Number of protein chains: 2
Amino acid sequence: MVTMRDVAQRAGVSIATVSFVLNDTKPVTPATRAKIERAMTELGFRRNMVARALASRRTRIIAMAYPALDHRFGFSAAEFFTSAADAARKQDYHLVLWPVGNDGAELTELVGQSLVDGVVLMEVQLDDARVGILQSIGTPFALIGRTTTPDGLPHVDIDFETTVENAVEELYGLGHRQIVLVAGDLSHPSFRNYGPYVRTEAAYRRVAAEYGVQIVILESSDTTRSGQEVAARVMAEHPGTTAVLVVNEYAALGVVSGLKKLGHDVPREISVLALLMSPETARLADPELTIMRTPGPELGQLGTEALIRQLEGAEPLPPQLVPASYQPGGTTARPRSG
Amino acid sequence: MVTMRDVAQRAGVSIATVSFVLNDTKPVTPATRAKIERAMTELGFRRNMVARALASRRTRIIAMAYPALDHRFGFSAAEFFTSAADAARKQDYHLVLWPVGNDGAELTELVGQSLVDGVVLMEVQLDDARVGILQSIGTPFALIGRTTTPDGLPHVDIDFETTVENAVEELYGLGHRQIVLVAGDLSHPSFRNYGPYVRTEAAYRRVAAEYGVQIVILESSDTTRSGQEVAARVMAEHPGTTAVLVVNEYAALGVVSGLKKLGHDVPREISVLALLMSPETARLADPELTIMRTPGPELGQLGTEALIRQLEGAEPLPPQLVPASYQPGGTTARPRSG
DNA sequence: CTGAAAGCGCTTACAG
DNA sequence: CTGAAAGCGCTTACAG
């Protein structure tokens, strides 16, 4: 292994000076710099990250803590993760993925190893034990999602309010007046505190009232089967329905296939709009789903940047709420009698 | 931060002895051990992984290099990754994900940082530049997938031969005699060298010949749309077909929906069997797909273990080929005129 | 602008 | 079985 000592020797300088040009941390004469840079390329020097970490007390590694909920790690999680990894790489950081429990025990253990400079918390619960733990340990962190009272905590999240508003506006604009919400399964104990479910439902209630649309909410877990079942219930219990908003991705696929199976024409007879979905998933439906596209890439990047800014002592990024963006597909249209 | 020095002082021993009990690397009197352990818990000591890494020249971090192909990072990749992360954690290693290019340039750069002890290579191409690079650098690695001549390289992969054999046997046993293969898009430049596509096609040719089944191969890229299109072609060009084997996951979903759309009854009129699929994806089809389940979790684990064994200097794991396992669903049945 | 030296928190021969 | 000491490859005051 070629070390800084080798480089320094070859360039005829001290290792301190090598370090200065490497990190651009002190002014160095162009001539000296050139000598050192030549020595580095000639020797094929690559700086040892571990030694740097130990000396500087900064590993330049950050962790993304992903709770192993009942939730699958699918397209959406992958989007968050890969965009976060990219953002980290661009700033010369590494990202490690920590699939840890929600109670924070494993997280404490891992953070204690002093391996990472900070943590990006995914799937933050409204009341999340991990937040208090990181605060008490003093580990820098950023949230993707937010607790009930996120003020003062660096966080980014989906702007559920705006997303639902825009979704309802879109459907209302098409002429729909009976717009049902297929919400997440808030009655399931694991999800009682799940922000996206809680917030989309609340937003729907508010926006529906505002538009004078009757509030009809059915729950569905995030499976195609459950979506199919709820589709049947929608048509049986609320026959006047002309449009359905669906929170869960795979439930939305099921709602579409379920409606078709029952002989309903999507979108001519009934429109389906997915509230939080990735384009990849949208393409699995036939017709391709009209969606509010989950801003996974944006949030992964913003969350990572928020954390890195803290680590670098830069101006903190203000909390950001990013709405899902409307992406037209084939499952929405004017209602027949609109 | 509580260091080994603090522990040693409190226990009245040297830091060497603390290290010995911590790593269980030399015999220590029960009494001494007890003193040290008490001191550690009293002080809340956690060993600093970075210092350990520098001193021991082993970081206990391994990387999973995932090439950013045209491929998406979906369920399957997630399965590989999370099972690998779990396997690593169980052996007290960390796993980092490196989304790197296929040419090996970024990989070289990252490996040069001495951050990881070894690399698990995902999506290995039949002729993969990364393999030669890692060999020349001398970084330990394990392959998930394999090159054309993987002998001597530690690797694990899907047993495509057995998978296709079992799939054909299953269909043949049901009475099918006209079994079409919807292969991957080998004609696409990116995938000419893609092992799973090449190997499944070769295996189908061999097995079909063996069973006296006419060899019919159509290509499809891994999208639902492409699957739908190919379904139409199958029925138009090979009307006697009673069963379809599909290599690509999302193409398989498209084949099912495409057939239904054309008015064909799945499985009564035609059976569909997905050759490499995750159960999550299977559930998205209606009826749920009959699949050969991709052994993602097994391979992620085995690949990681193969690497860790090398790192620990243990008996190397022999290369392992794991077949996809048959998982019944609703898309296969006896042919009508069987 | 450059260098000598201490130190980051561990591991590991070596000696006893 | 235990300890004193060197060393892993860097960074960073401190001095000049």
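Every chain is numbered from 1 and lettered A, B, ... according to where its sequence line falls, protein lines coming before strand lines. Bear in mind that the values here come from a model prediction, so they are computed numbers and not experimental data.
Paired with A/R146 under the rule salt bridge (Lys or Arg N to Asp or Glu O under 4.0 Å), one option of A/D157, A/D159, A/D151 passes, and it is A/D157.
The phosphate of C/dT2 has OP1 or OP2 within less than 4.0 Å of a side-chain N or O from A/T32. Residue A/T17 has a polar side-chain atom (N or O) positioned under 4.0 Å from OP1 or OP2 of C/dG3.
The distance from atom CZ of A/R46 to atom C1' of D/dG9 is 16 Å, rounded to the nearest whole Å. Atom pair A/R5:CZ and D/dC8:C1' shows a separation of 11 Å (rounding to whole Å applied). Per the geometry, CG belonging to A/N48 stands 13 Å off C1' belonging to C/dC8, to the nearest Å. In this structure, A/I15 places its CD1 atom 9 Å from C1' of C/dA5, rounding to the nearest Å.
Taking only side-chain atoms of B/S19, from C-beta outward, the nucleotide of D/dT2, C/dT11, C/dG3 with the closest atom is C/dT11.
Within the nucleic acid shown, A/T25 has no heavy atom closer than 4.0 Å to any nucleic acid atom. Across all strands, B/S114 comes closer than 4.0 Å to no nucleic acid atom at all (heavy-atom distances).
Of all nucleotides present, only C/dG3 satisfies the Watson-Crick or G-U wobble test against D/dC14, with each distance under 3.5 Å.
Non-hydrogen atoms lying under 4.0 Å from DNA chain C are contributed by A/L54, A/A55, A/R57, all within residues 50-60 of chain A.
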